[in-house]
Amino acid sequence: MEDLGGSRPMANLDHPPNSRLFLVISKSTSEEVIRENFSFFGEIQDIWVVRDKQSKDHKGIAYVKFAKSSQACRAMEEMHGKALTEDTKPIKVFIAQSRGSGSHRDVEDEELTRIFVMIPKSYTEDDLRENFKEFGDIEYCSVIRNKGTGESKGFGYVRFLKPSQAAQAIENCERSFKAILAEPRNKPTYSENDYMSGTRQDPLSYGSGYDPPRGQTMFPFGEFTNFGTSEMRGGEMRAEIRSEMRGGENISTCLSVSTRGLLSHEQVYSLFDIIPGLEYCEIQRDPYMGYGKGYAIVRYSNVASAVYAKEKLHGFEYPPGNRLGVSYIEGDSGDRRSNPVGMMALQLVAAQMMTLACNSPVGQQMMPTSPGHGGSSSTQMSRLQVGFSLPAPQNFAPSDSTVRERLFVVFNPTVLPLDILEDLFCRFGNLIEVYLVPGRNIGYVKYAERHSATNALDTLHGKVVNGIKLKVMLADPPREESHKRQRTH
DNA sequence: CGACGGGACGC
DNA sequence: CGACGGGACGC
(Lines give C-alpha, C1' and ligand atoms only; values in the text may rest on other atoms or scores of the structure.)
Protein backbone atom coordinates (compact mmCIF):
# COMPACT_ATOMS: atom_id res chain seq x y z
CA MET A 1 0.00 0.00 0.00
CA GLU A 2 2.64 2.41 0.92
CA ASP A 3 6.09 3.00 -0.29
CA LEU A 4 6.81 6.57 0.50
CA GLY A 5 10.38 6.18 -0.59
CA GLY A 6 9.03 5.43 -4.01
CA SER A 7 12.28 4.22 -5.40
CA ARG A 8 12.61 0.87 -3.78
CA PRO A 9 10.12 -1.71 -2.63
CA MET A 10 10.17 -2.47 1.01
CA ALA A 11 13.24 -4.37 2.05
CA ASN A 12 11.51 -7.22 3.77
CA LEU A 13 8.32 -7.60 5.74
CA ASP A 14 10.17 -9.80 8.20
CA HIS A 15 13.08 -7.49 8.62
CA PRO A 16 13.99 -6.60 11.20
CA PRO A 17 12.26 -9.44 13.01
CA ASN A 18 9.11 -8.59 14.94
CA SER A 19 8.66 -5.21 13.29
CA ARG A 20 5.26 -5.99 11.78
CA LEU A 21 1.92 -5.88 13.57
CA PHE A 22 -1.16 -7.96 13.06
CA LEU A 23 -4.33 -5.98 13.83
CA VAL A 24 -7.82 -7.21 14.42
CA ILE A 25 -10.02 -4.20 13.77
CA SER A 26 -13.54 -3.21 12.83
CA LYS A 27 -14.49 -3.80 9.22
CA SER A 28 -15.20 -0.10 8.99
CA THR A 29 -11.69 1.00 9.96
CA SER A 30 -9.76 2.59 7.12
CA GLU A 31 -6.06 2.64 6.41
CA GLU A 32 -6.07 6.35 7.19
CA VAL A 33 -7.49 5.81 10.66
CA ILE A 34 -4.85 3.17 11.29
CA ARG A 35 -2.15 5.52 10.13
CA GLU A 36 -3.41 8.33 12.32
CA ASN A 37 -3.29 6.09 15.35
CA PHE A 38 -0.04 4.26 14.72
CA SER A 39 2.34 6.69 13.07
CA PHE A 40 3.03 8.18 16.48
CA PHE A 41 5.07 5.14 17.41
CA GLY A 42 7.57 5.29 14.63
CA GLU A 43 8.28 4.99 10.95
CA ILE A 44 5.49 3.08 9.24
CA GLN A 45 6.74 1.39 6.12
CA ASP A 46 3.56 -0.33 5.03
CA ILE A 47 -0.09 -0.55 5.98
CA TRP A 48 -2.22 -3.26 4.49
CA VAL A 49 -5.91 -3.58 5.17
CA VAL A 50 -6.84 -7.12 4.18
CA ARG A 51 -9.79 -7.47 1.82
CA ASP A 52 -11.44 -10.43 0.20
CA LYS A 53 -9.87 -11.10 -3.17
CA GLN A 54 -13.15 -11.12 -5.09
CA SER A 55 -15.70 -9.23 -3.08
CA LYS A 56 -13.20 -6.68 -1.76
CA ASP A 57 -14.91 -7.01 1.58
CA HIS A 58 -12.94 -5.66 4.51
CA LYS A 59 -11.95 -8.70 6.55
CA GLY A 60 -11.38 -6.87 9.80
CA ILE A 61 -7.65 -7.46 9.65
CA ALA A 62 -4.68 -5.26 8.90
CA TYR A 63 -0.89 -5.41 8.95
CA VAL A 64 1.31 -2.50 9.93
CA LYS A 65 5.03 -2.70 9.16
CA PHE A 66 7.36 -0.51 11.21
CA ALA A 67 11.00 0.22 10.60
CA LYS A 68 11.97 -1.11 14.01
CA SER A 69 10.81 -3.85 16.28
CA SER A 70 10.80 -1.51 19.26
CA GLN A 71 8.35 0.77 17.44
CA ALA A 72 6.03 -2.10 16.63
CA CYS A 73 6.22 -3.38 20.19
CA ARG A 74 5.44 -0.01 21.67
CA ALA A 75 2.50 0.39 19.34
CA MET A 76 1.26 -3.03 20.38
CA GLU A 77 1.64 -2.26 24.05
CA GLU A 78 -0.15 1.04 23.83
CA MET A 79 -2.83 0.31 21.26
CA HIS A 80 -3.96 -3.19 22.16
CA GLY A 81 -7.44 -3.00 23.62
CA LYS A 82 -8.08 0.54 22.43
CA ALA A 83 -11.04 1.65 20.38
CA LEU A 84 -9.85 3.64 17.41
CA THR A 85 -13.18 5.45 17.07
CA GLU A 86 -16.10 5.87 19.42
CA ASP A 87 -18.35 3.55 17.48
CA THR A 88 -15.97 0.63 17.08
CA LYS A 89 -14.85 -2.16 19.35
CA PRO A 90 -11.44 -2.25 20.99
CA ILE A 91 -8.82 -3.53 18.61
CA LYS A 92 -6.36 -6.35 19.11
CA VAL A 93 -2.72 -5.85 18.32
CA PHE A 94 -0.08 -8.55 18.06
CA ILE A 95 3.34 -8.93 16.61
CA ALA A 96 2.69 -10.63 13.27
CA GLN A 97 4.04 -14.07 12.59
CA SER A 98 6.85 -13.97 10.07
CA ARG A 99 5.50 -14.41 6.60
CA GLY A 100 6.85 -17.81 5.79
CA SER A 101 6.05 -19.40 9.11
CA GLY A 102 2.59 -20.57 8.21
CA SER A 103 1.63 -20.28 11.86
CA HIS A 104 -1.37 -18.27 12.91
CA ARG A 105 -0.74 -18.62 16.57
CA ASP A 106 -0.49 -15.36 18.48
CA VAL A 107 3.08 -14.39 19.31
CA GLU A 108 3.28 -14.38 23.09
CA ASP A 109 5.05 -11.86 25.27
CA GLU A 110 7.06 -14.77 26.58
CA GLU A 111 8.83 -14.92 23.24
CA LEU A 112 9.45 -11.17 23.04
CA THR A 113 10.75 -10.19 26.46
CA ARG A 114 13.81 -12.34 27.05
CA ILE A 115 17.12 -11.68 25.37
CA PHE A 116 20.19 -13.85 25.00
CA VAL A 117 23.55 -12.12 25.35
CA MET A 118 27.24 -12.93 25.14
CA ILE A 119 29.15 -11.62 28.12
CA PRO A 120 32.64 -11.73 29.55
CA LYS A 121 33.32 -14.72 31.78
CA SER A 122 33.72 -12.39 34.72
CA TYR A 123 30.20 -11.03 34.47
CA THR A 124 27.76 -11.56 37.31
CA GLU A 125 23.99 -11.15 37.27
CA ASP A 126 24.48 -7.72 38.80
CA ASP A 127 26.82 -6.73 36.00
CA LEU A 128 24.19 -7.79 33.49
CA ARG A 129 21.57 -5.77 35.28
CA GLU A 130 23.78 -2.71 35.39
CA ASN A 131 24.33 -2.91 31.67
CA PHE A 132 20.74 -3.47 30.65
CA LYS A 133 18.63 -1.62 33.18
CA GLU A 134 18.71 1.50 31.06
CA PHE A 135 16.59 -0.23 28.43
CA GLY A 136 13.67 -0.93 30.71
CA ASP A 137 12.30 -2.86 33.63
CA ILE A 138 14.27 -6.02 34.19
CA GLU A 139 12.44 -8.99 35.65
CA TYR A 140 15.59 -11.01 36.13
CA CYS A 141 19.07 -11.64 34.83
CA SER A 142 20.84 -14.95 34.67
CA VAL A 143 24.39 -15.98 33.91
CA ILE A 144 24.82 -19.57 32.77
CA ARG A 145 27.60 -21.34 34.61
CA ASN A 146 29.24 -24.70 34.57
CA LYS A 147 27.54 -26.62 37.31
CA GLY A 148 30.68 -28.26 38.55
CA THR A 149 33.16 -25.42 38.56
CA GLY A 150 30.78 -22.49 38.75
CA GLU A 151 32.62 -20.87 35.89
CA SER A 152 30.56 -18.73 33.57
CA LYS A 153 29.91 -20.10 30.12
CA GLY A 154 30.06 -16.59 28.72
CA PHE A 155 26.42 -15.98 28.05
CA GLY A 156 23.30 -15.04 29.90
CA TYR A 157 19.67 -14.02 29.74
CA VAL A 158 17.83 -10.84 30.59
CA ARG A 159 14.05 -10.82 30.96
CA PHE A 160 12.28 -7.50 30.58
CA LEU A 161 8.71 -6.73 31.52
CA LYS A 162 7.72 -5.44 28.10
CA PRO A 163 8.54 -6.51 24.56
CA SER A 164 9.47 -2.95 23.61
CA GLN A 165 12.11 -2.93 26.32
CA ALA A 166 13.72 -6.12 25.10
CA ALA A 167 13.58 -4.78 21.55
CA GLN A 168 15.28 -1.58 22.58
CA ALA A 169 17.98 -3.51 24.39
CA ILE A 170 18.64 -5.55 21.26
CA GLU A 171 18.66 -2.48 19.06
CA ASN A 172 20.78 -0.26 21.26
CA CYS A 173 23.06 -2.27 23.51
CA GLU A 174 26.74 -2.67 22.82
CA ARG A 175 27.35 -4.89 19.84
CA SER A 176 29.76 -7.10 21.69
CA PHE A 177 26.79 -8.42 23.67
CA LYS A 178 25.40 -9.79 20.41
CA ALA A 179 21.96 -9.52 21.90
CA ILE A 180 19.16 -11.47 20.26
CA LEU A 181 15.76 -12.62 21.39
CA ALA A 182 16.08 -15.82 23.38
CA GLU A 183 14.28 -18.90 22.18
CA PRO A 184 11.60 -19.93 24.64
CA ARG A 185 13.20 -22.43 26.94
CA ASN A 186 10.56 -25.08 26.49
CA LYS A 187 10.74 -26.25 22.93
CA PRO A 188 7.64 -25.51 20.87
CA THR A 189 5.51 -27.88 22.87
CA TYR A 190 2.60 -25.60 23.00
CA SER A 191 0.57 -26.89 25.86
CA GLU A 192 -1.96 -24.15 25.89
CA ASN A 193 -2.28 -24.40 29.63
CA ASP A 194 1.17 -23.24 30.53
CA TYR A 195 0.69 -19.57 29.98
CA MET A 196 -2.65 -19.51 31.72
CA SER A 197 -0.89 -19.70 35.06
CA GLY A 198 -1.06 -15.97 35.30
CA THR A 199 2.55 -15.12 35.86
CA ARG A 200 2.86 -13.34 32.58
CA GLN A 201 1.29 -10.08 31.71
CA ASP A 202 -2.08 -10.31 30.03
CA PRO A 203 -1.72 -8.68 26.65
CA LEU A 204 -4.95 -6.80 27.24
CA SER A 205 -3.38 -5.06 30.19
CA TYR A 206 -1.04 -3.19 27.90
CA GLY A 207 -1.01 0.55 28.09
CA SER A 208 -4.52 1.44 28.88
CA GLY A 209 -3.68 5.03 28.36
CA TYR A 210 -2.59 5.52 31.92
CA ASP A 211 0.44 3.32 31.97
CA PRO A 212 3.01 4.62 29.56
CA PRO A 213 6.20 2.61 29.36
CA ARG A 214 8.43 3.34 32.27
CA GLY A 215 12.11 3.21 32.67
CA GLN A 216 12.32 3.04 28.95
CA THR A 217 15.33 4.70 27.64
CA MET A 218 16.89 4.71 24.26
CA PHE A 219 20.12 6.43 23.57
CA PRO A 220 20.71 6.95 19.92
CA PHE A 221 23.95 8.77 20.29
CA GLY A 222 25.42 7.59 17.09
CA GLU A 223 26.35 11.03 15.93
CA PHE A 224 27.01 12.11 19.39
CA THR A 225 29.95 9.99 20.26
CA ASN A 226 32.43 12.76 19.80
CA PHE A 227 31.09 14.10 23.01
CA GLY A 228 33.94 13.79 25.44
CA THR A 229 36.34 12.20 23.05
CA SER A 230 39.23 13.82 21.34
CA GLU A 231 36.77 15.68 19.17
CA MET A 232 35.60 17.64 22.11
CA ARG A 233 38.40 19.55 23.59
CA GLY A 234 37.92 22.48 25.81
CA GLY A 235 39.04 24.97 23.26
CA GLU A 236 36.60 23.78 20.67
CA MET A 237 33.84 23.92 23.17
CA ARG A 238 34.66 27.44 24.15
CA ALA A 239 34.55 28.44 20.53
CA GLU A 240 31.24 26.71 20.20
CA ILE A 241 29.77 28.58 23.11
CA ARG A 242 31.06 31.87 21.91
CA SER A 243 29.50 31.40 18.53
CA GLU A 244 26.29 30.50 20.26
CA MET A 245 26.39 33.75 22.15
CA ARG A 246 26.78 35.74 18.99
CA GLY A 247 23.46 34.43 17.81
CA GLY A 248 21.66 37.19 19.65
CA GLU A 249 19.41 34.86 21.62
CA ASN A 250 18.39 35.64 25.13
CA ILE A 251 20.52 33.11 26.86
CA SER A 252 19.74 32.03 30.37
CA THR A 253 20.26 29.16 32.73
CA CYS A 254 16.74 27.89 32.04
CA LEU A 255 15.75 25.80 29.05
CA SER A 256 12.44 24.54 27.80
CA VAL A 257 12.42 21.15 26.16
CA SER A 258 9.59 20.38 23.79
CA THR A 259 8.84 16.85 22.70
CA ARG A 260 6.23 15.14 20.62
CA GLY A 261 6.64 11.87 22.37
CA LEU A 262 6.40 10.83 25.95
CA LEU A 263 9.45 11.45 28.03
CA SER A 264 9.71 10.56 31.66
CA HIS A 265 11.33 12.76 34.22
CA GLU A 266 14.12 10.23 34.50
CA GLN A 267 14.73 10.30 30.79
CA VAL A 268 14.91 14.05 30.57
CA TYR A 269 16.94 14.29 33.71
CA SER A 270 19.52 11.74 32.72
CA LEU A 271 19.80 13.19 29.25
CA PHE A 272 20.41 16.73 30.42
CA ASP A 273 22.48 15.63 33.38
CA ILE A 274 25.22 14.71 30.97
CA ILE A 275 26.09 18.35 31.01
CA PRO A 276 27.36 19.26 34.45
CA GLY A 277 25.50 21.81 36.51
CA LEU A 278 21.96 20.51 36.12
CA GLU A 279 19.98 21.88 39.04
CA TYR A 280 16.38 21.28 38.23
CA CYS A 281 14.21 19.27 35.88
CA GLU A 282 10.46 19.22 35.66
CA ILE A 283 8.06 17.52 33.29
CA GLN A 284 5.05 19.46 32.10
CA ARG A 285 2.28 17.55 30.47
CA ASP A 286 -0.91 19.06 29.26
CA PRO A 287 -3.62 16.55 30.09
CA TYR A 288 -5.74 17.78 27.22
CA MET A 289 -3.12 17.11 24.65
CA GLY A 290 -2.96 13.41 25.36
CA TYR A 291 0.17 11.62 24.38
CA GLY A 292 1.15 13.81 21.54
CA LYS A 293 2.81 16.65 23.28
CA GLY A 294 4.75 17.56 26.28
CA TYR A 295 7.57 19.67 27.45
CA ALA A 296 10.03 19.92 30.26
CA ILE A 297 11.89 22.68 32.00
CA VAL A 298 15.49 22.27 33.01
CA ARG A 299 17.76 24.67 34.79
CA TYR A 300 21.49 24.72 35.17
CA SER A 301 23.61 26.36 37.78
CA ASN A 302 25.42 28.40 35.16
CA VAL A 303 24.88 29.85 31.76
CA ALA A 304 27.72 28.01 30.13
CA SER A 305 26.16 24.65 30.89
CA ALA A 306 22.78 25.78 29.61
CA VAL A 307 24.31 27.12 26.44
CA TYR A 308 26.11 23.89 25.88
CA ALA A 309 23.03 21.80 26.59
CA LYS A 310 20.97 23.79 24.13
CA GLU A 311 23.65 23.56 21.50
CA LYS A 312 23.99 19.81 21.80
CA LEU A 313 20.44 18.71 22.44
CA HIS A 314 18.31 21.05 20.37
CA GLY A 315 17.13 19.06 17.39
CA PHE A 316 18.48 15.87 18.87
CA GLU A 317 16.32 12.85 18.20
CA TYR A 318 15.40 11.15 21.43
CA PRO A 319 14.09 8.58 21.10
CA PRO A 320 14.85 8.24 17.40
CA GLY A 321 12.24 10.03 15.38
CA ASN A 322 11.34 12.31 18.24
CA ARG A 323 13.12 15.57 17.67
CA LEU A 324 13.66 17.59 20.80
CA GLY A 325 13.30 21.32 20.73
CA VAL A 326 15.44 23.16 23.25
CA SER A 327 15.27 26.88 23.77
CA TYR A 328 16.03 29.41 26.43
CA ILE A 329 13.32 30.60 28.72
CA GLU A 330 13.30 33.24 31.39
CA GLY A 331 14.54 31.81 34.60
CA ASP A 332 12.60 32.45 37.75
CA SER A 333 13.54 35.80 39.18
CA GLY A 334 16.74 37.66 38.72
CA ASP A 335 18.88 34.62 38.59
CA ARG A 336 19.99 35.74 35.19
CA ARG A 337 23.53 36.73 35.16
CA SER A 338 24.03 39.89 33.29
CA ASN A 339 27.68 39.13 33.31
CA PRO A 340 27.27 36.05 31.23
CA VAL A 341 30.01 33.62 30.55
CA GLY A 342 33.22 33.86 32.37
CA MET A 343 36.13 31.92 31.11
CA MET A 344 36.30 30.10 34.39
CA ALA A 345 32.83 28.71 34.02
CA LEU A 346 33.60 27.65 30.51
CA GLN A 347 36.77 25.92 31.47
CA LEU A 348 35.02 24.25 34.34
CA VAL A 349 32.38 22.85 32.04
CA ALA A 350 34.96 21.76 29.53
CA ALA A 351 36.94 19.94 32.15
CA GLN A 352 33.94 18.35 33.78
CA MET A 353 32.60 17.15 30.47
CA MET A 354 35.56 14.88 30.14
CA THR A 355 34.92 13.23 33.45
CA LEU A 356 31.19 13.23 33.70
CA ALA A 357 30.49 11.96 30.24
CA CYS A 358 32.10 8.78 31.45
CA ASN A 359 30.28 8.55 34.72
CA SER A 360 26.66 9.34 33.97
CA PRO A 361 24.45 6.50 32.74
CA VAL A 362 23.58 8.37 29.60
CA GLY A 363 27.09 9.54 29.10
CA GLN A 364 28.31 5.99 29.00
CA GLN A 365 26.07 5.39 26.06
CA MET A 366 27.74 8.14 24.23
CA MET A 367 31.10 6.66 24.79
CA PRO A 368 32.08 3.55 22.97
CA THR A 369 32.57 1.07 25.76
CA SER A 370 32.91 -2.61 25.71
CA PRO A 371 31.60 -5.20 28.10
CA GLY A 372 34.43 -7.40 27.01
CA HIS A 373 37.14 -5.22 28.40
CA GLY A 374 37.96 -3.34 31.51
CA GLY A 375 35.58 -5.19 33.75
CA SER A 376 31.95 -4.61 34.39
CA SER A 377 31.58 -1.66 36.62
CA SER A 378 34.70 0.23 35.73
CA THR A 379 34.29 2.61 32.88
CA GLN A 380 37.34 3.66 31.05
CA MET A 381 37.95 6.83 29.19
CA SER A 382 37.89 6.05 25.53
CA ARG A 383 39.79 8.88 24.08
CA LEU A 384 41.82 8.70 20.98
CA GLN A 385 45.24 10.22 21.01
CA VAL A 386 46.65 10.49 17.55
CA GLY A 387 49.18 12.67 15.84
CA PHE A 388 47.07 13.11 12.72
CA SER A 389 43.54 14.14 11.90
CA LEU A 390 40.68 11.69 11.98
CA PRO A 391 37.16 11.85 10.56
CA ALA A 392 34.31 12.18 13.04
CA PRO A 393 32.75 9.00 14.42
CA GLN A 394 30.07 7.43 12.26
CA ASN A 395 27.31 4.97 12.91
CA PHE A 396 28.00 1.30 12.52
CA ALA A 397 26.51 -0.60 9.62
CA PRO A 398 23.51 -2.77 10.47
CA SER A 399 24.86 -5.84 12.21
CA ASP A 400 23.46 -8.15 9.57
CA SER A 401 25.22 -6.38 6.72
CA THR A 402 27.26 -8.35 4.22
CA VAL A 403 30.99 -8.15 4.87
CA ARG A 404 32.48 -6.54 1.78
CA GLU A 405 36.03 -6.07 3.01
CA ARG A 406 38.08 -7.16 5.96
CA LEU A 407 41.20 -5.62 7.44
CA PHE A 408 43.91 -7.47 9.29
CA VAL A 409 45.49 -5.38 12.03
CA VAL A 410 48.68 -5.98 14.00
CA PHE A 411 49.25 -4.01 17.20
CA ASN A 412 52.64 -3.24 18.66
CA PRO A 413 53.49 -3.71 21.43
CA THR A 414 50.01 -4.65 22.68
CA VAL A 415 46.41 -4.55 21.54
CA LEU A 416 44.22 -1.53 22.13
CA PRO A 417 40.91 -1.91 23.99
CA LEU A 418 37.97 -2.84 21.86
CA ASP A 419 36.03 0.34 22.56
CA ILE A 420 38.96 2.45 21.45
CA LEU A 421 39.25 0.44 18.28
CA GLU A 422 35.56 0.75 17.54
CA ASP A 423 35.77 4.50 18.01
CA LEU A 424 38.74 4.51 15.67
CA PHE A 425 37.56 2.25 12.88
CA CYS A 426 33.95 3.47 12.80
CA ARG A 427 35.15 6.83 11.56
CA PHE A 428 35.42 5.56 8.00
CA GLY A 429 31.81 4.47 7.92
CA ASN A 430 30.03 1.12 7.50
CA LEU A 431 31.92 -0.63 10.27
CA ILE A 432 30.38 -3.98 11.12
CA GLU A 433 32.71 -5.33 13.77
CA VAL A 434 36.14 -5.23 15.29
CA TYR A 435 37.29 -8.68 16.34
CA LEU A 436 40.39 -9.19 18.46
CA VAL A 437 42.01 -12.59 18.43
CA PRO A 438 42.22 -13.62 22.08
CA GLY A 439 45.69 -13.67 23.52
CA ARG A 440 47.28 -12.20 20.41
CA ASN A 441 48.20 -8.73 19.24
CA ILE A 442 46.14 -9.04 16.12
CA GLY A 443 42.58 -8.42 15.04
CA TYR A 444 40.17 -8.17 12.16
CA VAL A 445 37.94 -5.29 11.15
CA LYS A 446 34.84 -5.98 9.08
CA TYR A 447 33.26 -3.36 6.85
CA ALA A 448 30.07 -3.38 4.83
CA GLU A 449 31.67 -1.22 2.14
CA ARG A 450 35.02 -1.67 0.50
CA HIS A 451 35.78 2.04 0.30
CA SER A 452 35.39 2.39 4.06
CA ALA A 453 37.94 -0.35 4.62
CA THR A 454 40.42 1.07 2.15
CA ASN A 455 40.03 4.55 3.61
CA ALA A 456 40.73 3.15 7.05
CA LEU A 457 43.74 1.29 5.74
CA ASP A 458 45.15 4.33 3.97
CA THR A 459 44.63 6.56 6.99
CA LEU A 460 45.74 4.22 9.75
CA HIS A 461 48.44 1.93 8.42
CA GLY A 462 51.73 2.58 10.18
CA LYS A 463 50.19 5.15 12.50
CA VAL A 464 50.47 5.37 16.27
CA VAL A 465 47.20 5.45 18.21
CA ASN A 466 47.28 5.94 21.96
CA GLY A 467 50.90 4.96 21.90
CA ILE A 468 50.27 1.74 19.99
CA LYS A 469 51.62 1.26 16.50
CA LEU A 470 49.23 -0.19 13.97
CA LYS A 471 49.84 -2.24 10.90
CA VAL A 472 46.73 -2.34 8.79
CA MET A 473 46.41 -4.68 5.82
CA LEU A 474 43.68 -6.22 3.76
CA ALA A 475 42.84 -9.54 5.35
CA ASP A 476 43.22 -12.77 3.46
CA PRO A 477 39.96 -14.67 3.09
CA PRO A 478 39.11 -16.88 6.06
CA ARG A 479 40.68 -20.30 6.07
CA GLU A 480 37.45 -22.22 5.69
CA GLU A 481 36.93 -21.06 2.15
CA SER A 482 40.47 -21.62 1.00
CA HIS A 483 39.59 -24.88 -0.69
CA LYS A 484 37.33 -23.05 -3.08
CA ARG A 485 39.82 -20.94 -4.87
CA GLN A 486 43.34 -21.12 -3.60
CA ARG A 487 45.02 -17.84 -4.15
CA THR A 488 48.46 -19.05 -5.12
CA HIS A 489 50.04 -15.70 -5.02
C1' DC B 1 -13.23 -14.78 17.07
C1' DG B 2 -8.72 -13.14 13.54
C1' DA B 3 -3.33 -14.46 9.35
C1' DC B 4 -0.93 -12.52 4.31
C1' DG B 5 -1.52 -7.71 -1.31
C1' DG B 6 0.29 -4.87 -4.70
C1' DG B 7 3.67 -3.30 -7.22
C1' DA B 8 7.47 -4.02 -10.41
C1' DC B 9 13.27 -2.11 -15.33
C1' DG B 10 17.67 -0.03 -15.42
C1' DC B 11 21.65 -1.67 -16.98
C1' DC C 1 56.48 -10.50 11.06
C1' DG C 2 51.85 -11.27 12.87
C1' DA C 3 46.29 -14.80 10.36
C1' DC C 4 40.90 -16.13 11.91
C1' DG C 5 35.44 -16.19 17.64
C1' DG C 6 31.56 -17.08 20.13
C1' DG C 7 25.60 -19.01 21.11
C1' DA C 8 20.96 -21.91 24.73
C1' DC C 9 19.19 -22.14 29.94
C1' DG C 10 17.65 -26.35 36.69
C1' DC C 11 10.61 -25.18 36.44
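Below, chain A is the first sequence line, B the second, and so on; all start at residue 1.
- Checked by atom type, the side-chain pair A:His58/A:Asp52 shows no donor-acceptor distance below 3.5 Å.
- Distance A:Lys65 NZ to B:dG7 P: 20 Å, rounded to the nearest Å.
- Residues A:Lys162 and A:Thr113 have side chains that never bring a donor and an acceptor to within less than 3.5 angstrom of each other.
- Comparing C:dC4, C:dG7, B:dC1 against the side chain of A:Lys178 picks out C:dG7 as the nearest.
- Per the geometry, CG belonging to A:Leu21 stands 15 Å off C1' belonging to B:dG2, to the nearest Å.
- Contacts of residues 438-457 of chain A with DNA chain C (heavy atom under 4.0 Å): A:Arg440, A:Ile442, A:Tyr444, A:Lys446.
- The side chain of A:Met118 approaches C:dG7 more closely than any other nucleotide in the set C:dG7, B:dC4, B:dG2.
- Donor-acceptor pairing under 3.5 Å is recorded for the side chains of A:Ser164 and A:Glu77.
- Straight-line distance from the NZ atom of A:Lys53 to the C1' atom of B:dG5: 7 Å, rounded to whole Å.
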Kindly give the atom pairs (protein nitrogen or oxygen, nucleotide nitrogen or oxygen) under 3.5 Å for nucleotides 8-10 of chain C.
{"unit_1": "C:dA8", "atom_1": "O4'", "unit_2": "A:Tyr157", "atom_2": "OH", "d": "3.3"}
{"unit_1": "C:dA8", "atom_1": "N1", "unit_2": "A:Glu183", "atom_2": "N", "d": "2.9"}
{"unit_1": "C:dA8", "atom_1": "N3", "unit_2": "A:Tyr157", "atom_2": "OH", "d": "3.0"}
{"unit_1": "C:dC9", "atom_1": "N1", "unit_2": "A:Tyr157", "atom_2": "OH", "d": "3.4"}
{"unit_1": "C:dC9", "atom_1": "O2", "unit_2": "A:Arg114", "atom_2": "NH1", "d": "2.7"}
{"unit_1": "C:dC9", "atom_1": "N3", "unit_2": "A:Arg114", "atom_2": "NH1", "d": "3.1"}
{"unit_1": "C:dC9", "atom_1": "N3", "unit_2": "A:Arg114", "atom_2": "NH2", "d": "2.7"}
{"unit_1": "C:dC9", "atom_1": "N4", "unit_2": "A:Arg114", "atom_2": "NH2", "d": "3.2"}
{"unit_1": "C:dC9", "atom_1": "N4", "unit_2": "A:Glu183", "atom_2": "O", "d": "2.8"}

CA sep, side-chain torsions, deciding dist, call: A:Ile180, A:Ile115, side-chain contact (heavy atoms from CB on, under 4.5 Å): CA-CA 5 Å; A:Ile180 58 174; A:Ile115 65 173; over 6 Å; no
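- Separating the CE atom of A:Met473 from the C1' atom of C:dG2 is a distance of 7 Å, rounded to the nearest angstrom.
- Out of C:dC4, B:dG2, B:dC4, the shortest distance to the side chain of A:Lys59 is found at B:dC4.
- A centroid separation of less than 6.0 Å is found between the aromatic rings of A:Phe177 and A:Phe132.
- For A:Asp46 and B:dG5, a side-chain-to-base donor-acceptor distance below 3.5 Å is present, hydrogens and geometry of angles not being considered.
- Distance CG (A:Leu407) to C1' (C:dC4): 14 Å, rounded to an integer number of Å.
- Side-chain contact check for A:Asp14 and A:Ser98: no donor-acceptor pair (N or O, by modelled atom type) lies under 3.5 Å.
- Separating the CZ atom of A:Arg51 from the P atom of B:dG6 is a distance of 11 Å, rounded to the nearest angstrom.
- Ring stacking holds between A:Phe408 and C:dA3, with the centres under 5.5 Å apart and the planes within 30 degrees of each other.
- In this model, no donor atom of one side chain and acceptor atom of the other lie less than 3.5 Å apart for A:Ser103 and A:Ser101.
- Looking at which nucleotide of DNA chain B each of A:Tyr63 and A:Lys56 is closest to, the 5′-most match is held by A:Tyr63.
- In this entry the base of C:dC9 is anti relative to its sugar, with a glycosidic angle more than 90° from 0.
- Regarding A:Phe22, its CZ atom lies at a distance of 9 Å from the C1' atom of B:dC4, rounded to whole Å.
- Between A:Lys469 atom NZ and C:dG2 atom C1' there is a gap of 14 Å when expressed in whole angstrom units.
- For the residue pair A:Asp126 and A:Thr124, no side-chain donor N or O sits within less than 3.5 Å of a side-chain acceptor on the partner.
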